[in-house]
Amino acid sequence: MTDTVGEAPASGPGFDGAASRRLLARLRDVMAGSGSGQERLDKIVSLIAVEMGADVCSAYVMRAGEVLELFSTYGLNQTAVHNTRLRVGEGIVGDIAGHARPIALDNAPSHPSFAYRPETGEDPFLSLAGVPILRGGKVRGVLVIQHKDRRRYTEEEVETLQTIAMVVAELVAQGELVNPQEVSSTGDPALLPARLSGTSLAGGLSMGLAVIHRPQLTIRQMVAEDAESELVRLNAAIATMHSAIDDLLAAAALAGLGEPKDILETYRMFAEDRGWLSRIREAIRMGLTAEAAVQQVQNDTRARMSHLTDPYIRERLLDLEDLTNRLLQHLAGRKSEADGGTLPDDIVLVARSMGPAELLDYDQRRLRAVVLEDGSPSSHVCIVARALNIPVVQANDALNRIESLDPVIVDGDHGQVFVRPAEDIQMAFAESVALRTRKEQIYAEIRALPSVTRDGVPISIQLNCGLLIDLPHLKASGAEGIGLYRTEIPFMVRSSYPDVKAQTDLYARILDEAGDKPVVFRTLDVGGDKMLPYIASGEEENPALGWRAIRIGLDHPSLLRQQLRSLLRAAAGRPLSVMFPMIAEVAEFDAAKRLLDLELKRLEQQGVEPPSRLRVGTMIEVPSLLWQLPALLARVDFLSVGSNDLTQYIFASDRGNPRTASRYDPLAPAMLCLLRRLVEACNDAGVPVSICGEMAGRPLDAMALLGIGFRSLSMSPPSVGPVKTMLRSLDVAALRQYMAGLYQKGDHSLRDKLRSFAKDHGVLI
Ligand code: PEP
Ligand code: MG
């Protein structure tokens with residue numbers, strides 16, 4: 001936040017985005033140019049003053065003992081350079097450093113922190129904007145502009161200064177201006193604890209020491225003397241890279257990583273991509289060194305693909321960056337930094353981005369958490385991290401705020417990163433971990449106990465899964481089966497559509513692993529935010545309401561038929577449950593079922609053994625289906641409520657938009673009324689109904705669902721313990737009676753009332 005004081009009479013002359021970009025381009029030139037650190041700093045300071053129309057621009061650099069020294073100025077007396085010094089906290093400059101935050105003032109002399117330094121000759125300057133020069137969470141200096149007149153600085157100007165300060169921070173970090181040892185000997189005075197708020201990409205809570213993952217190598221020689229020898233070097237590097245990736249694959253297989261292994265296979269495919277390699281070879285033939293050629297091809301790819309926003313393509317780009325870095329490392333004959341024997345025992349990896357293989361380079365026994373500047377929950381590295389049970393948080397600016405070996409707490413459940421946490425935070429962390437451990441022990445014990453409410457009503461607990469790696473949880477969790485197997489996840493980590501054989505093998509393995517526990521396979525639910533690169537959908541105005549799930553399956557019947565064929569073949573002689581997603585009308589269910597019947601007939605014609613029992617159901621996600629229940633219930637073997645989508649469609653509220661995602665509560669009277677009617681209709685028709693949206697895994701929400709009448713809940717593996725604990729302490733008859741009086745309430749949500757019920761009746765939520 002920028003601290004501003006005083007009423008500005010007028011804003012300054014326009015300094016727009018174009019001016020800001022021009023200034024940054026010139027700064028880059030200065031940084032890339034020749035000259036000592038001091039000379040480059042002088043150029044930068046003049047450039048800022050001229051381009052921003054400021055009367056003064058000054059750079060203060062932190063020296064030992066928490067002292068900020070004027071290192072360069074345009075507009076103040078030059079004799080003050082290296083003479084004017086301010087302590088942290090002294091004057092406005094010291095204030096900026098002390099609080100590590102920008103200040104913009106239209107009347108600086110009236111600011112309570114103003115400290116007049118006559119040697120600088122700064123008395124005629126009324127307005128001042130200053131920003132801290134930060135690196136690795138430490139204040140390395142302060143950058144200031146001043147104007148004679150009173151003027152209000154725009155947000156854009158302050159942001160530009162902050163961006164420039166990042167460039168200056170690089171200059172300071174190069175160690176030419178001040179010996180780095182001098183600054184590090186200051187006893188970390190400006191080492192501020194920091195909390196980075198980000199996005200949760202994988203849950204969990206962990207603490208460790210930061211290991212900065214910097215795959216980028218500097219390329220010293222761009223132009224080659226002999227193209228042939230560069231090609232030989234490239235081929236050798238490719239060969240060693242391939243065998244290193246093969247080793248990784250073997251290790252992943254040994255570790256039973258299942259699906260992440262599939263991801264790595266895709267990755268290996270990339271490494272052998274002829275287009276990529278031939279473009280590198282071509283660049284070498286044009287005269288570049290092998291390293292420069294690899295880098296150039298990467299720059300081209302990035303530039304060509306930068307406008308593409310498709311998440312899958314972006315993930316593939318990250319894979320390619322990872323490979324580029326790997327190849328550069330092999331060319332340099334350098335070992336990956338993950339090999340370093342000096343790494344701490346508890347590693348919190350901090351990276352701009354990372355590929356799945358890079359993550360697996362690190363010793364998995366020592367990996368505690370990952371912080372990424374760029375990543376999404378569906379990125380491969382996150383899928384692998386979840387399989388390894390380590391939290392991942394995406395946090396902007398992480399590399400600027402976290403320094404190597406800083407203690408870091410990563411709270412993956414809440415998307416928070418605590419850097420150099422203060423003692424109270426560390427204690428709270430230790431308590432949370434102890435609590436989690438205690439709870440885990442309780443949950444482990446409870447797994448073996450019957451899933452029955454306090455008043456004796458049996459409840460079926462099922463799991464939601466999407467990766468082979470999830471399956472071991474099935475036995476350990478005590479769940480009765482898999483209520484939702486999201487088949488699209490394995491599809492999303494491949495670069496082409498898996499054929500019938502690959503799909504059959506995968507589904508057969510899932511059934512093998514599940515043993516005698518039933519599995520409900522949901523057919524491909526892609527589209528919306530889960531696009532596959534091999535199904536062209538085009539841009540959609542409203543992806544959540546667009547061409548997705550069964551709509552794609554019915555428009556591309558061969559795709560759906562291949563999946564159904566694979567499922568039927570995989571089940572051979574075993575029971576099979578198939579569920580269709582996003583069905584909006586009975587006619588769609590009929591159309592999907594017809595495709596299944598065709599495949600059954602084909603199986604029969606080919607003399608292949610059919611499943612011993614075939615159950616067909618649909619998800620309840622689109623509200624229109626609720627008005628066709630009699631016709632639907634006459635056709636299906638079971639139903640499962642996808643409350644994530646149902647909530648978004650009932651309330652017309654995008655589940656993926658942070659502004660609307662939590663605007664409405666699934667525990668609202670409207671939602672609970674509708675679910676109750678559905679359960680009643682299913683009970684009357686004798687059709688089993690389950691619920692597999694996220695609410696089924698949250699203890700209080702799950703309690704409400706049992707009160708409504710649900711007797712089967714499907715949830716992610718970590719939710720089983722908490723939900724089972726809740727239901728074993730619940731008198732469901734009492735809750736049912738209590739809820740009878742709630743459905744017609746006009747409340748926004750019944751959450752508080754239900755929470756009070758739980759508290760009053762000793763329900764453990
Ligand atoms: C749902 O919509 O509730 C559901 C389980 O499906 P998904 O979250 O995969 O869309
Ligand atoms: Mg859904």
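All ligand and atom numbering here is 1-based and tracks the order in the structure.
- One finds a salt bridge joining Arg755 and Asp752 here, because a Lys/Arg side-chain nitrogen approaches an Asp/Glu carboxylate oxygen to under 4.0 Å.
- With rounding to the nearest 0.5 angstrom, the CZ atom of Phe638 is 10.0 Å from the CE atom of Met619.
- Counting heavy atoms under 4.0 Å from ligand 1, residue Leu484 touches it through the side chain alone.
- Checked by atom type, the side-chain pair Gln648/Tyr664 shows no donor-acceptor distance below 3.5 Å.
- The closest side-chain donor-acceptor pair between Ser749 and Asp665 falls under 3.5 angstrom.
- Counting heavy atoms closer than 4.0 Å to ligand 1, residue Gln648 contributes nothing at all.
- Residue contacts with ligand 1, taken as heavy atom pairs separated by less than 4.0 Å, do not involve Glu694 at all.
- Taking every heavy atom of Asp645 and a limit of under 4.0 angstrom, the matching atoms of ligand 1 come to 1 (C), 2 (O), 3 (O), 10 (O).
- The shortest N/O to N/O separation between Ser643 and ligand 1 falls below 3.5 Å.
- Per-residue contacts place Met619 under 4.0 angstrom from the following atoms of ligand 1 (heavy atoms of the residue considered): 4 (C), 5 (C).
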Kindly list each side-chain donor-acceptor pair under 3.5 angstrom involving residues 690-707, sequence neighbours excluded, with atom names and distances?
unit_1 : atom_1 : unit_2 : atom_2 : d
Ser690 : OG     : Ser712 : O      : 3.3
Ser690 : OG     : Ser712 : OG     : 3.2
Arg698 : NE     : Asp701 : OD2    : 3.3
Arg698 : NH2    : Asp701 : OD2    : 3.3
Asp701 : OD1    : Arg751 : NH1    : 3.1
Asp701 : OD2    : Arg751 : NH2    : 3.2

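- The shortest N or O to N or O distance between Glu488 and ligand 1 is not below 3.5 Å.
- Counting atoms of ligand 1 from 1 in the listed order, those under 4.0 Å from a heavy atom of Gly642 are 1 (C), 2 (O), 3 (O).
- With no hydrogens or angles considered, no side-chain donor-acceptor pair links Ser716 and Asn464 at under 3.5 Å.
- The contact set between ligand 1 and Gly693, taken as ligand atoms under 4.0 Å from a residue heavy atom, comprises 3 (O).
- At least one N/O/S atom of Asp645, from backbone or side chain, sits under 2.8 Å from the Mg ion (ligand 2).
- A salt bridge does not link Arg736 with Asp731: every distance from a Lys NZ or Arg NE/NH1/NH2 to an Asp or Glu carboxylate oxygen is 4.0 Å or more.
- The N, O or S atom of Glu621 lying closest to the Mg ion (ligand 2) is OE2.
- The side-chain contact (heavy atoms from CB on, under 4.5 Å) check on Glu480 picks up Ser460, Gln462, with sequence neighbours excluded.
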